[in-house]
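A short worksheet on the structure shown next.
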Amino acid sequence: MCITKNLQIGKYEELRQYFDELDSKAAAPLSFSDCENKAIRYVLNLETGKLRKDMKLEYLIEAGANLGIKDLDISTVLMNLIDNAIEACERDMLENAVISLKIKDGGSYVFITVTNPVSNAETTMRLFEEGTSKQDVKRHGYGKQIVSAIAEKHNGAIKYSAEDGLFRADVMLEKDEQNE
């Protein structure tokens, strides 16, 4: 299944079924039992499995089981941001890298922050603005567009910055009353 293509053409029901099937096959959460939200818990488990042994994903989730955002949307945003953080740490060959995720329920909005260390903030921002650091530009570099589209869909905003050895992505999504 091509997740990006299905997202772009609006096949949300097929994507939801796909993620539900993956969730049913996923191993039981190991250390994430404090996260009540099923979609976030799934992403944390999936992304933790992608980390090198010397990398760590720290998180602070200040949200309940019902986030007010469709599972597909929150999962897509988190997977793109965390995947980008992991790839940046690997590209920069950073040892003992710590990626940080914070999610806060702020009333009518959900706030998401992902940070990761970088060896050179200026170079990281240049590569990020170019879309991808990978050789195959036809198959990579869509994550930023996907996250932006979801932020726009939820009357939100997204901001990227890099300074003092950290890359930071801040996303704000307005809750959907139908999903509360």
Side-chain angles (χ1 to χ4, degrees), residues 1-8 15 18-19 22 26-27 29-32 35 39-61 69 71-104 110-154 156-173:
M1 163 175 275
C2 181
I3 294 171
T4 304
K5 184 175 181 181
N6 282 340
L7 182 62
Q8 290 172 340
L15 288 165
Y18 173 72
F19 283 111
L22 284 177
L30 301 174
S31 61
F32 304 118
C35 180
I40 295 171
R41 185 176 60 241
Y42 172 76
V43 171
L44 289 172
N45 285 320
L46 179 70
E47 295 299 323
T48 300
K50 296 178 183 179
L51 298 173
R52 290 188 325 237
K53 288 184 180 187
D54 68 332
M55 295 171 75
K56 185 176 181 181
L57 174 61
E58 294 182 339
Y59 62 91
L60 175 63
I61 312 298
I69 305 286
D71 287 351
L72 177 62
D73 289 346
I74 196 72
S75 297
T76 301
V77 168
L78 294 176
M79 283 191 285
N80 274 288
L81 295 177
I82 297 170
D83 279 347
N84 286 347
I86 292 169
E87 289 172 14
C89 293
E90 290 174 343
R91 180 188 64 243
D92 287 356
M93 296 182 281
L94 299 172
E95 294 181 8
N96 302 313
V98 177
I99 297 167
S100 173
L101 166 67
K102 294 179 184 172
I103 301 174
K104 181 171 178 58
V110 174
F111 299 93
I112 302 165
T113 301
V114 175
T115 60
N116 60 273
V118 293
S119 59
N120 183 308
E122 187 176 299
T123 300
T124 298
M125 281 306 292
R126 182 182 50 76
L127 289 171
F128 184 76
E129 289 167 0
E130 290 173 2
T132 185
S133 61
K134 296 181 180 170
Q135 296 294 327
D136 186 357
V137 294
K138 289 183 180 182
R139 297 184 67 193
H140 297 283
Y142 297 105
K144 185 168 68 170
Q145 294 171 335
I146 292 168
V147 173
S148 293
I150 293 171
E152 185 176 315
K153 172 184 169 184
H154 287 275
I158 186 160
K159 179 183 173 190
Y160 300 101
S161 61
E163 59 187 359
D164 299 327
L166 283 179
F167 181 86
R168 179 178 172 132
D170 290 295
V171 180
M172 178 180 77
L173 304 173

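Note that these values count all heavy atoms, side chains included, but never hydrogens, waters or copies made by symmetry.
- Applying the salt bridge (charged side-chain N to carboxylate O under 4.0 Å, His left out) test to D54 and every residue at least two apart in sequence or in another chain returns R52.
- Between the CD1 atom of I69 and the NE2 atom of H154 there is a distance of 4.5 Å, given to the nearest 0.5 Å.
- Looking at residues two or more places apart in sequence or on another chain, you find a side-chain contact (heavy atoms from CB on, under 4.5 Å) between D71 and A39.
- In this structure, CZ in F167 is found 11.5 Å from CG in D92, a value given to the nearest 0.5 Å.
- Considering every non-hydrogen atom in both P117 and A97, the closest pair reads CG-CB, 3.9 Å.
- Distance check: T115 OG1 to L81 CG gives 11.0 Å after rounding to the nearest 0.5 Å.
- Using a 4.5 Å cut-off on side-chain heavy atoms (C-beta onward), N84 and Y160 make no contact.
- Among residues two or more places apart in sequence or in another chain, the side-chain contact (heavy atoms from CB on, under 4.5 Å) test is passed with I86 by E47, K50, L51, M55, I82, E90, I99.
- One distance of note links CZ of R41 with CD1 of I61; it measures 11.5 Å at 0.5 Å rounding.
- Once rounded to the nearest 0.5 Å, the distance linking CG of L78 with CG of L101 reads 6.0 Å.
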Original post:
What's the verdict on side chain to side chain contact (heavy atoms under 4.5 Å, CB included) for I112 and I74, showing C-alpha distance, side-chain angles and the deciding distance?
Top reply: CA-CA 10 Å; I112 302 165; I74 196 72; 3.5 Å; yes
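- Distance CG/N80 to CD1/I146: 5.0 Å, rounded to 0.5 Å.
- Residues passing the side-chain contact (heavy atoms from CB on, under 4.5 Å) test with S161, sequence neighbours excluded: R168.
- Nearest heavy-atom pair across L72 and T76 is O-OG1, 2.7 Å.
- Residue I158 comes nearest to S148 through the heavy atom pair CG2-OG, 4.0 Å, listed as atom of the first residue, atom of the second, then distance.
- When each of I103, D73, V77 is paired with V110, the side chain to side chain contact (heavy atoms under 4.5 Å, CB included) condition holds for I103 and for no other.
- Not counting sequence neighbours, the partners of E58 by the side-chain contact (heavy atoms from CB on, under 4.5 Å) test are K56, V98.
- Residue A85 comes nearest to V114 through the heavy atom pair CB-CG1, 4.2 Å, listed as atom of the first residue, atom of the second, then distance.
- Looking at residues two or more places apart in sequence or on another chain, you find no salt bridge (charged side-chain N to carboxylate O under 4.0 Å, His left out) involving K159.
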